[in-house]
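Computed from a predicted structure; not experimentally measured.
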Amino acid sequence: MSEPRSCRRPEARLLPLLMACAALTLYTRRLRPRLLTWGATPEETGGTYPGDELVPDADGTSTMATTLPAPPEKVWPWLVQMGDDRAGWYSWDRLDHHGDASADRVVPEWQDLREGQRLPSMRDGRAWFTVARLEPNRTLVLRSDLNLACGRSFDPESEPMPSARLDGVWGFHLRPAPFGETRLVVRTRGQGRPRWLVGPFDLLLGEPAHFVMQTRQFQNLRVRLGAQR
């Protein structure tokens with residue numbers, strides 16, 4: 001016969017809390033650093049990249065990398081055509097492209113990209129990335145500024161800064177690698193306000209979600225580039 005709830009020893013009632021604290025400690029100290037630097041060398045994680053200066057006081061950053069089986073000039077066309085109304089994002093399409101398959105070929109009509117151009121991230125046009133830095137075959141930096149109160153993007157140069165917001169950059173940096181390959185380094189930097197609200201969300205959901213989506217994008221780019229060789 002079990003003890004009445006009110007008669008259980010204090011340590012028994014504390015056990016779930018202690019286990020949760022232990023799991024969180026394990027994640028933040030051991031697993032999280034690996035997620036945020038997946039595939040990247042110490043030199044890559046410690047380096048600076050174009051676009052870092054756009055979020056100088058970042059609350060969080062990640063540097064992930066992979067080697068792609070083609071030179072930068074062959075990788076670049078796939079990156080240039082990203083966008084919700086273009087080629088998609090080459091990740092989990094059910095999550096970020098409404099279930100529509102991302103492009104499996106380079107489309108000439110989508111190769112014209114310029115700084116300042118908006119790339120929709122939602123089909124209704126309420127949210128978008130802005131092309132912040134562009135150097136062909138080398139660097140593509142997308143910037144996102146999201147008003148959390150209404151769930152839409154805003155222009156920080158022409159609109160007042162919302163009190164609840166997420167600002168960040170998603171940078172793709174291509175470097176030649178041996179044997180005609182490309183080293184693709186993806187750097188993110190973000191800042192959210194109010195921090196007490198955005199911080200736990202980033203830690204428990206935002207960062208793991210980015211890891212899942214980014215590694216999937218790496219995989220799909222490798223498949224597409226391998227198929228065109």
If you measure from the Lys or Arg side-chain nitrogens to the Asp or Glu carboxylate oxygens, is any gap between [X] and [Y] under 4.0 Å?
| X | Y | result |
| --- | --- | --- |
| D145 | R165 | no |
| R195 | D202 | yes |
| R193 | D59 | yes |
| E207 | R34 | no |
| R133 | E115 | no |
| E109 | R86 | no |
| R138 | E73 | no |

- Task: Would you check if R187 and T48 make a side-chain contact, meaning some heavy-atom pair closer than 4.5 Å?
- Result: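 No. Closest side-chain heavy atoms not under 4.5 Å.
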- Query: When rounded to the nearest 0.5 angstrom, what distance separates CD in Q117 from CZ in R114?
  - Reply: 4.5 Å
- Message: Donor-acceptor check, side chain of E44 to backbone of T41, threshold 3.5 angstrom: yes or no?
- Response: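 Yes: the side chain of E44 pairs with the backbone of T41.
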- Message: Quick one: does any side-chain atom of Q81 pair with a main-chain N or O of V107 as donor and acceptor, under 3.5 Å?
- Response: yes
- Task: Write out all pairs satisfying ring-ring contact (aromatic ring centres under 6.0 Å, His included) with one or both partners inside residues 117-140, taking only residues at least two apart or from two chains.
- Result: W89-F129, F129-W170
- Query: Near W92 CH2, under 6.0 Å, is it more than 12 heavy atoms from other residues, nucleotides or ligands?
  - Reply: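 It does not: W92 CH2 has 12 such atoms or fewer within range.
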- Item | Residues which pass side chain to side chain contact (heavy atoms under 4.5 Å, CB included) with D100, listed by chain and number, not counting sequence neighbours |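 If we apply the side chain to side chain contact (heavy atoms under 4.5 Å, CB included) test to D100, skipping adjacent residues, the hits are H97, R123.
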- Would E159 and R152 count as a salt bridge (charged side-chain N to carboxylate O under 4.0 Å, His left out) if you check the C-alpha gap in whole Å, the side-chain angles of each, and the deciding distance to 0.1 Å? CA-CA 12 Å; E159 300 179 51; R152 65 174 296 274; 3.7 Å; yes
